[in-house]
A.B. asks: 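Quick one: structure below, then a few questions.
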Amino acid sequence: MTSYEEKVERELQRWERKSLQPSSLTGKFAKGWQNKINDKIPERFHQTVAESVKYMMRATILGSDYLSNQKLILEEPLQMREELLEKRIQMYKRTAALEGAGTGAGGILLGLADFPLLLSIKMKFLFDAAKIYGFDVEDYRERLFLLSIFQLAFSKEDKKRDALYKITSWNKEMENLPNDRSSYMDSINWKTFQLEYRDFIDLPKTLQMIPGFGALVGAVANYNYLDILSYHTKNSFRHRLNQINEKP
């Protein structure tokens, strides 16, 4: 095992421990406070998030909206893949920050526009990452894996544990998936999915709608969201490659 592989193994162990951590007292308090905030947020805000997430899920599984020009990389060492991925991460972080600053400067109307734009940036990053790690997103099952990563990154503790289990046992999960992607789409509880995402991002995104101040909040929040997503993406694919390499 090379020194880079040893480093990856240590980071994977920390990632699994961190993803399984129970909710802290601070987190439980924040959840109760956030529920009170939700009651005061305009219904239009919730509708925008719900429709954006529903469209994102359909486009991820059924469409070609997020297909990128990134080349599918096969038979390259992990370190080389991750050097390329890091360049992509920095690019997407900058793009997300600029988008958040731009929409945050415009108050409520542009703030609402931020949700579908940011989701698109996140999904394009996930599609790029899959290709860098050597997985073909033409296979809809690979797209479901990306949705599991998304849920791991942007869910609270109980759903995060469920998503981690799916990711760490994905090779078995794939065997039970139907051949017809449309029938799978009908079985998804997209409402639960979007509520988890909304709860995760509510407060920063609400502050982003304050004209002027929202530009700073939007830039910082969006940069941070891409940082969270890239962290879970990298380790999810690392774990999956380890499982494939361990097969007899």
A.B. asks: Which pair of heavy atoms, one from L72 and one from G134, lies closest together, and at what distance?
C.D. replies: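 Of all heavy-atom pairs spanning L72 and G134, the closest is CD1-C, 3.7 Å.
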A.B. asks: Determine, for R88 against E82, whether the closest basic-nitrogen to carboxylate-oxygen distance falls under 4.0 angstrom.
C.D. replies: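 Salt bridge: no.
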A.B. asks: In Å, rounded to the nearest 0.5 Å, how long is the span from CG of N235 to CG of N242?
C.D. replies: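 Between N235 CG and N242 CG, I get 10.5 Å after rounding to 0.5 Å.
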A.B. asks: Which value, rounded to the nearest 0.5 Å, describes the distance between L229 atom CG and I149 atom CD1?
C.D. replies: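 The CG atom of L229 sits 8.0 Å away from the CD1 atom of I149.
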A.B. asks: Report the C-alpha distance between R240 and E142 in whole Å, list the side-chain angles of each, state the deciding distance to 0.1 Å, and finish with yes or no for salt bridge (charged side-chain N to carboxylate O under 4.0 Å, His left out).
C.D. replies: CA-CA 12 Å; R240 192 160 170 210; E142 298 300 343; 2.6 Å; yes
A.B. asks: Quick one, Q79 and E5 - any side-chain contact, counting heavy atoms below 4.5 Å?
C.D. replies: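 No, too far: nothing below the 4.5 Å cut-off.
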A.B. asks: Are the side chains of N171 and I244 in contact, using a 4.5 Å heavy-atom criterion?
C.D. replies: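 Answer yes - side chains close enough.
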A.B. asks: Could you tell me if the side chain of R238 sits less than 4.5 Å from the side chain of E9, heavy atoms only?
C.D. replies: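 No, their side chains stay 4.5 Å or more apart.
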A.B. asks: Do T95 and F125 have side-chain heavy atoms sitting under 4.5 Å apart?
C.D. replies: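 Side chain of T95 against side chain of F125, heavy atoms only: no contact under 4.5 Å found.
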A.B. asks: Rounded to the nearest 0.5 Å, what's the gap from CD on E75 to CE on M80? Could you check?
C.D. replies: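 Going from the CD atom of E75 to the CE atom of M80 covers 11.0 Å.
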A.B. asks: Hey, does the Lys NZ or Arg CZ of K122 hover above the aromatic six-ring of F154, less than 6.0 Å from the centre and inside 45° of the axis?
C.D. replies: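 K122 over F154 ring: yes.
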A.B. asks: Between N245 (side chain only) and L241 (backbone N and O only), is there a donor and an acceptor less than 3.5 Å apart?
C.D. replies: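 Judged by distance alone, yes, a pair lies under 3.5 Å.
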A.B. asks: Taking the six-membered ring for Trp and the full ring for Phe, Tyr or His, determine whether the centres of F135 and F237 are under 6.0 Å apart.
C.D. replies: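 So the answer is yes for these two rings.
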A.B. asks: Return the minimal non-hydrogen interatomic distance between L146 and F127, and the atom names on each side.
C.D. replies: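 In this case the closest contact between L146 and F127 is CD1-CD1, 3.5 Å.
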A.B. asks: For R17 and R14, run side chain to side chain contact (heavy atoms under 4.5 Å, CB included): C-alpha distance rounded to whole Å, both residues' side-chain angles, the deciding distance at 0.1 Å, then the answer.
C.D. replies: CA-CA 5 Å; R17 287 197 302 269; R14 286 197 296 269; 3.2 Å; yes
A.B. asks: Any side-chain heavy atom of D162 within less than 4.5 Å of one from K159?
C.D. replies: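 Sidechains of K159 and D162: in contact.
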A.B. asks: When rounded to the nearest 0.5 angstrom, what is the spacing between CD1 in I167 and CD in Q151?
C.D. replies: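 The CD atom of Q151 is 9.0 Å from CD1 of I167, to the nearest 0.5 Å.
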A.B. asks: Given the ring of Y231, does K18 sit roughly above its face, with NZ or CZ under 6.0 Å from the centre of the six-membered ring and within 45° of the axis?
C.D. replies: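 Judged by the rule, K18 and Y231 form a cation-pi pair.
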A.B. asks: Considering only heavy atoms from C-beta outward, does the side chain of I73 approach that of Y133 to under 4.5 Å?
C.D. replies: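 I73 does not reach Y133 side chain to side chain.
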A.B. asks: What closest approach, in Å, do S148 and K166 show between heavy atoms, and which atom pair accounts for it?
C.D. replies: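 Nearest pair, atom of S148 first, then K166: OG-CD, 3.8 Å.
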A.B. asks: How long is the span from the CG atom in D128 to the CE atom in M123, to the nearest 0.5 Å?
C.D. replies: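 Rounded to the nearest 0.5 Å, the CG-CE separation comes out at 11.0 Å.
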A.B. asks: Once rounded to the nearest 0.5 Å, what's the spacing between atom CG of D136 and atom NZ of K131?
C.D. replies: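 The CG atom of D136 sits 8.0 Å away from the NZ atom of K131.
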A.B. asks: Are any of the side-chain heavy atoms of S236 and W170 separated by less than 4.5 Å?
C.D. replies: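 S236 vs W170: side chains apart.
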A.B. asks: Say whether, by atom type as modelled, one donor and one acceptor occur between the side chain of N222 and the main chain of A97 under 3.5 angstrom.
C.D. replies: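 Pair absent, no side-chain N/O of N222 close to backbone of A97.
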A.B. asks: Check whether the side chains of W15 and H232 place a donor and an acceptor atom closer than 3.5 Å, and report yes or no.
C.D. replies: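 There is such a pair between these side chains.
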A.B. asks: What verdict does the salt bridge (charged side-chain N to carboxylate O under 4.0 Å, His left out) test give for K7 and E11, after you've listed the backbone C-alpha separation in whole Å, the side-chain angles of each residue and the deciding distance to 0.1 Å?
C.D. replies: CA-CA 6 Å; K7 168 181 168 290; E11 290 179 359; 3.1 Å; yes
A.B. asks: Check whether L12 and Y165 end up in the same hydrophobic cluster, where Ile, Leu, Val, Met, Phe, Trp and Tyr are linked by side-chain heavy atoms less than 4.5 Å apart.
C.D. replies: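 The answer is no; the residues belong to distinct hydrophobic clusters.
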A.B. asks: Taking all heavy atoms of E16 and all of T168, pick out the closest pair and write down the distance.
C.D. replies: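 In terms of heavy atoms, the two residues are closest at OE1-CG2, 4.5 Å.
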A.B. asks: Which atoms form the tightest heavy-atom contact between L164 and S19, and what is the distance?
C.D. replies: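 Distance-wise, the nearest heavy atoms are CD2-CB, 3.8 Å.
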A.B. asks: Do the side chains of R141 and E173 get close enough for a salt bridge, i.e. N-O under 4.0 angstrom?
C.D. replies: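 Looking at E173 together with R141, the answer is no, because their closest N to O distance does not fall below 4.0 Å.
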A.B. asks: What are the two closest non-hydrogen atoms of Y223 and Q90, and how far apart are they?
C.D. replies: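 For Y223 versus Q90, the nearest heavy atoms are OH-OE1, 4.0 Å.
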